[in-house]
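Below: the structure, in structure tokens.
The model shown is predicted, which means the values in this text are computed figures rather than measured ones. Every chain is numbered from 1, with letters handed out A, B, ... down the list of sequences.
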Protein chains: 2
Amino acid sequence: MVTMSDVAREAGVSVMTVSNVLNERLPVGAPTRARVLAAVEALGYEVNLTARHLRAGRTDTVALIVPSFHDYFGEVADQIAPLVEAHGRHLVLERTSANAQHEMEAVSVARLQLYDGVLLSVAGLDPEQLSRVRTSKPIVLLGERDVPDHFDHVRLANEEGARLATAHMIERGSRRILALGCTLDQTHMMTSDRRVGWEVAHRDAGLPVDERYVVPIATYSSEAARSTLLDVIASGLPFDGIFAATDVIALGAVAALASRGLHVPDDVQLAGFDNLEVSSFVPPGITSVDPNHRGVAQHAVGLLHRRMAGGAGPAEHVVAPVSLVVRGSTRGGR
Amino acid sequence: MVTMSDVAREAGVSVMTVSNVLNERLPVGAPTRARVLAAVEALGYEVNLTARHLRAGRTDTVALIVPSFHDYFGEVADQIAPLVEAHGRHLVLERTSANAQHEMEAVSVARLQLYDGVLLSVAGLDPEQLSRVRTSKPIVLLGERDVPDHFDHVRLANEEGARLATAHMIERGSRRILALGCTLDQTHMMTSDRRVGWEVAHRDAGLPVDERYVVPIATYSSEAARSTLLDVIASGLPFDGIFAATDVIALGAVAALASRGLHVPDDVQLAGFDNLEVSSFVPPGITSVDPNHRGVAQHAVGLLHRRMAGGAGPAEHVVAPVSLVVRGSTRGGR
DNA sequence: ACGGCGTATTTTAACGATATTGTCTGCGAA
DNA sequence: TTCGCAGACAATATCGTTAAAATACGCCGT
């Protein structure tokens, strides 16, 4: 590897002069500067960022740690990247495979020290595990789980989104709406918060809440959703609407309904959550709760930036508002 | 920050003893070890990886540099991650926004020095620009563009995949097949290689090749595909099949066809390329060329690993085989 | 001619970890 | 008693860079 001292020797100057030429900290005489630049060019020198990071105590890099690079997270990441770069920092992604052990490793203080700040999308860690993470590094948590109070946290208005979607289908005539991929858990989780919204919509409309219509699925994949919904259909439980906890689940539902000859929205209305790009293209267009990626990204990066700039003060817990995008999978959609 | 020397002071030993306890290089007496571990625990010490990286000259980290975190790249990344981790290294992703300037920055030798190896998904850089990248760091290129000979490179059998898909639709009765999202370029690019496969299938079947059926699109988005296809329909050009250059494009085509009341596959057969997960769930299931992510990932990581282990020898240029997955969007699919 | 000042450049000392070499202690063998 | 040697630990040098302090050099005014 070519180092500064190689360049210095080649140019017949000290390493500090090389550093000063390259970083323009102290002024360097024109002839000397020219010799240094020539040597840099000749040897193909590039600064060693590891050394600079050690010396500077900063890396000008932010990590976004996500469970997988798929779908929702990919879309959020694409929103976050330019915001981080606007602050003159780099963004890198790390993956945890939604596995609590991997997440703990990712947030091990050792790993964190490589970054000036971390956006951690929490999927596998519960509050108890998270509270064991002690570090002075700025961290902002993203995700739908409960987290310890002392972390900055951005989450979605899950309940409200689910309520919007369900109320919309009720208004358009559905009376038996599955909550596909939701759960009856009492703790705050994505799947239970969204189920609560589904319940609230029923109560608001004076409709009974039937727990048989809450249908959990094994994994959050389209395939699991498809086979689970096929089971529901086979069981004979009557339904005329589906609130899918995520668009990935909605997609599996679309496939299952089509394979059983059920028409959307005439036989069954369908609404999802996440407003993935594909959702507007899958005929007849899937009505979906838009999670407001841009807003989430802005809040998260904003909070992180404030902490990195040394901002103190109590942790903030942001609930980002969501909105319903109506498409052809519910009646009245275009 | 808590450093080794803080721990050393707390435990009343030298820093080397702390290092030896933590890394188990030289043996340390049991009582001393216990004191050190207690001090580590008490102070919450974690190793500073930046310092270790500088000293070791390695980072045990591989970067995957992609144009965006969407769709295809997200899926490839999820395949690559476990393979890299199996070699005891970390994987991080960086994003270039398919922008040549960003790509050049990403491969600036400075940035590379943070990693032991780099997988670079080339979207914006042409061979001439790439050949200016001089570094001794192991780099493996991914992607469908031509690259300088001295780089290891993994690409797909684009032409063969397109030929398979097109021949399949011809066999099932299509006679006027659009090449949507393809181009007439003569240089090797994804869009032109796939167009060549479309041509070859026609010639193999003794059918004429009509260049009016090659329909480029402005951006590789579903939305652009949809509006472009709507224009084609409006133009009155008759067609009974579509080979879409990517599944993202196929998805836009599905939406356009549905909105014009054209039935897939009865009125128009449709086949895509990439076999995205969604493609098997969008009714009636999109026939697609499977790009063999797993194989690509294995080749790429294998090549990189060999180079990182010091393997010399000429650069390899791998063309990963692809296969056709037949679904309901072509006749005879399930 | 000389003190003083400003600019150009070098020297020194870190950043935090670790490979290498060096010191000390105690014990067994001659 | 003396030497050698092994085990346990410490001191030093180093990775490549940069902040801060030190030096060298010319030039000015008096």
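Atom CE in A:M16 sits about 7 Å away from atom P in D:dA19, given to the nearest Å. Atom CG of B:L54 is separated from atom P of D:dT18 by 12 Å (rounded to the nearest Å). Rounded to whole Å, atom C1' of D:dT14 lies 18 Å from atom NE2 of B:H53. The CD-C1' distance, from B:E24 to D:dA8, rounds to 16 Å in whole Å. Protein atom CZ of A:R35 is 14 Å distant from nucleotide atom P of C:dA8, rounded to whole Å. Taking atom CZ of B:R9 as the reference point, atom P of D:dC9 lies 20 Å away to the nearest angstrom. Distance CZ (A:R25) to P (C:dA8): 15 Å, rounded to an integer number of Å. The nearest whole Å value for the distance from the CG atom in A:N48 to the C1' atom in D:dC15 is 9 Å.
Listed nucleotides: D:dT17, C:dT10, C:dA17. Nearest to the side chain of B:R55: C:dA17. Ranking C:dG16, C:dT10, C:dA8 by closeness to the A:P27 side chain, first place goes to C:dA8. In this structure, of C:dG16, D:dA19, D:dT17, it is D:dT17 that holds the atom nearest to the side chain of A:R52. When each of D:dT14, C:dT10, D:dT18 is scored by its nearest atom to the side-chain atoms of A:M4, the top-ranked nucleotide is D:dT18. Checking C:dG16, C:dT9, C:dT11 against every side-chain atom of A:T17, the shortest atom distance belongs to C:dT9.
Between A:H305 and A:H87, the ring planes are parallel. Angles under 30° get that label, and only those over 60° would be called perpendicular.
Between A:S5 and B:P31, the residue anchored closer to the 5' end of DNA chain D is B:P31, taking for each the nucleotide with the nearest heavy atom. Residue-to-nucleotide proximity on DNA chain D shows that, of A:N20 and B:G12, the 5′-proximal contact is made by B:G12.
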(request) Would you check, one step at a time, whether the test side-chain contact (heavy atoms from CB on, under 4.5 Å) holds for A:V296 with A:Q79? (result) CA-CA 9 Å; A:V296 169; A:Q79 292 289 328; over 6 Å; no
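A salt bridge is absent between B:R35 and B:E10: the closest approach of a Lys/Arg side-chain nitrogen to an acidic carboxylate oxygen does not fall below 4.0 angstrom. Under a 4.0 Å N-O distance rule, the pair A:D146/A:R155 qualifies as a salt bridge. A salt bridge between A:K137 and A:D116 is absent, with no side-chain N of the basic residue lying under 4.0 Å from a carboxylate O of the acidic one. Using a 4.0 Å cut-off between charged nitrogen and carboxylate oxygen, A:R111 and B:E46 do not count as a salt-bridge pair.
Nucleic acid contact for B:G29: sugar-phosphate only, since backbone atoms but no base atoms lie under 4.0 Å from a heavy atom of the residue.
At its two ends the helix from C:dA1-D:dT30 to C:dA30-D:dT1 runs along axes set 70° apart, each axis drawn from five pairs and the angle rounded to 10°.
Within the structure, a side-chain polar atom (N or O) of A:T32 is placed less than 4.0 Å from OP1 or OP2 of C:dT9. Under 4.0 angstrom from either OP1 or OP2 of C:dT10 there lies at least one side-chain N or O belonging to A:S14. When the side-chain nitrogen and oxygen atoms of B:S19 are compared with OP1 and OP2 of C:dT18, one or more of them lie within a distance under 4.0 Å. In terms of phosphate contacts, B:N23 brings a side-chain nitrogen or oxygen within less than 4.0 Å of OP1 or OP2 of C:dT18.
Shown here for B:P67 and B:T96, the closest heavy-atom pair between the two residues is CA-OG1, 3.2 Å. When all heavy atoms of B:I80 and B:A297 are compared, the closest pair comes out as CG1-CB, 3.6 Å.
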